[in-house]
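Side chains are part of it too, since the values below use all heavy atoms of this structure and drop only hydrogens, waters and symmetry mates. Labels below follow one simple rule: chain letters A, B, ... track the order of the sequence lines, proteins then strands, and each chain is numbered from 1.
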Amino acid sequence: MDCDVLYKVVVIGDSGVGKSNLITRFTQGKFSKDSKPTIGVEFGAKTIEHEGITIKGQIWDTAGQERFRAISAAYYRGANGALIVYDITNQETFNNLNKWFKEIENQGENGCLNVLVGNKCDLDHLRQVQTEDGRTFAEKHNVSFMETSAQDNTNVDLAFTSLLKEIYKNQKKGKKTGGNTGGDSSAEKGKEINLHEPVAQPTEDDKKCGC
Amino acid sequence: MILSDEALPWVVGGGALVVVAVTVGASIVYKLVSRRRYLAHRDSGVNTALLEHLEQTKKSAPKQIAYNTIMDSTQSTPASHTPSTHTPVQQSHKPSRHTSSNQKMFLQLWLNRTANEGYPLEDIVIGLETPDHIQHNSDGSLKFATLHKLVENLIKNGNCQHFFKEEFFATYTSFTTPNKLITTLISFSNGFHNDNDVKHESVCLDLIEFWCRNNLNDLNLCTDKERLFTTLFKYVNKSDLAKSKNVASILSTHIKEAQPAPLQSFMVNTPLQKKEVNIQDDLVNDSEDSELEAGPIYPEGDSDFQTRNEFNILEWSPKEIARQLTIIEGNLLKQISCYELCKSRYLEHNMDKSAPHIAESIHFFNNFSLWLVSLILTFDDVEMRAATIQFLIELVEQLVGFGNFNSTMSVLGAINNSAVTRLKATNELLPEESIEMLEAVNELTSSAKKFFNLREAVEGTPGCIPFLGIFLTDLSLIESVNKDKKVDDVELINWNRCKYTANICKQLQVCQSGLVKYQEIEFLQTHLRSVVSELSEDDLYERSLCVEPRSNKA
């Protein structure tokens, strides 16, 4: 088994905010040059170590499908966390955040943790959204916030790993307070944590991802 | 001598242009096109006066600027139409690709050609010949190239290199415009581009004809359509080759047909290729599978449905609805052109204009799905709601059978909408086999591993209608991970990226060419296409809370 826990994280936000680039940067996936560039490699997965356990983040990218609103529920199903991304050089992507928060609230899973991310912070000279505005918005929605740059790799790892750790913390807490057998320390020692919803089968993942 | 006092009022277009203001005796304004080396044309008279004069007098400041501008213009990309003020020292970051004799020749030729033959400047596209304008991958395939080199490769190797021609014409709108492409081809045809001054008229005419047959509709989405037609007609009328007539006739036909409604979409009904349908055996166990093309199936005991205005989808057989949806989706699919898939046009804000057919398809997708949600929620009676969901699950099963994966996703979207999935009392009434079927289809269409299962199904189902979203996701990934130009040389087009994009275009074209023809029922076509939910998504959720309040923890 290549991981102790597996979490599904979706990355959402307007088109053009750099979702794919963030994911590529985080997973350090090399773009496959074969005829099917997006399959064959598990492009959006990365494993991190935390408190002695292995957390695998399965990052779901549907950039390009932003307009297929009718299937967003299917996309959010089973998501443990969401990275909600806007582009600091494009005010409109920030204005649309309400729409995305509402959607994940309506269509997403209960207990899905969100992080607000202002991407492209390397382009400070083109900035349209002030950091403070991003922070205020995040506070209002009670989510954590950071500015990132997929271009020069600022905060990209931090954004994903802090979300994954937060999900882990939350799950552990939920499990303890959720009335499960108290001394279940095995969860931390290699057993799969009881997720809200089963994500894709880990066994199949083992075969495909090769990590 | 053409260097008179009069200003040459050339209006020039395109990025490769520099305006040079030169003071030679009296004030003369020259507008020079292109930064590129240009070899002497056989018929050109030689006029070295301008350059010689400039060289002799370049020490004086204004003239030096002018001189440097010409040098600059042949070495680096002018970012704008404003005169460059670089000095030779300042812009020496890149090795010079050209000798001043080349530039002289370019100028001579340009001056002669424009003065003697009255060519509009934008029709002369001048190319580079130096080796650093083409770069290869380790396996010898093309990696980066200038537009000129790509066109040259197209002319020399278009028919022998594997799919190069197809890849080129599928993706050319991501790095140039139809207008620029055609004028480049014409200039090659006239033999402007090579040392031996060989004309490529025959092969260029073939390529232009190929373009006309496959890409003329690109022009519907461009602004300079008229101008390109003028250029093309002028070119073919000049040609002595018989095949130029082919091009002329395609153009005339296009103009004639395009007159009433160039973008008349949706209703266009060209005859579809008839093909065997490969059925998803594991999902459809209907004994009538082999008769998918048979039909139509009308509502039982209701022969006067056409005379009524109201449309009740539940009266119909799921199979017939699936068939009619497949016709609609087929018509939507076959209108989508490679143009719309390139350059992230489907992501633009004014998508309705930049990629109208993709927009139309997505609009129908969302609209239909939302309408189905509203249909389920119309009923106050829990059993009716359950029956409706059951009907939709049967419909999904049939859609998979027809290989219509786009509608499959759309209908599943309705069943999986949170306003529907939260209806516990309703969902509990669903029969076991419906739930199993729903799970199977959800598995098939899962976005896990980049829609792995769905991709396999699409590949294994000739004549199917793929879920358009997969193409768009692939394209968007290709475009975000691969730069369109070489990072340190914006003239070099990233051909690898074009190849990846072309591959997606090809997949789409394969699906388009394999569409199956089914018998239309006009009544259903009209109604299915025009359905619309009266409630918004938020209102539907409210309605859902209304029919089964939250407290209802059955």
Qualifying residue, where the test is side-chain contact (heavy atoms from CB on, under 4.5 Å) with A:Glu66 and the options are B:Thr473, B:Leu472, B:Ile362, B:Leu347: B:Leu347
Reference residue A:Arg69; test side-chain contact (heavy atoms from CB on, under 4.5 Å); the match among B:Leu370, B:Asn367, B:Asn366: B:Asn366
How long is the straight-line distance from [atom2] of [Y] back to [atom1] of [X], given to the nearest 0.5 Å?
X: B:Asp474; Y: A:Gln65; atom1: CG; atom2: CD; result: 9.0 Å
X: B:Ser447; Y: A:Tyr76; atom1: OG; atom2: OH; result: 11.5 Å
X: A:Arg77; Y: B:Ser418; atom1: CZ; atom2: OG; result: 10.5 Å
X: B:His349; Y: A:Asp14; atom1: NE2; atom2: CG; result: 6.5 Å
X: B:Leu477; Y: A:Ile23; atom1: CG; atom2: CD1; result: 8.5 Å

Which of A:Gly18, A:Gly64, A:Ser15 touches chain B most, by non-hydrogen pairs under 4.5 Å: A:Gly64
Measure distances from [X] to the heavy atoms of chain A and classify the residue's part below 4.5 Å as side chain, backbone, both or neither.
X: B:Leu468; answer: both
X: B:Asp538; answer: side chain
X: B:Glu348; answer: backbone

A:Lys102 versus chain B, the contacting section by heavy-atom distance below 4.5 Å: side chain
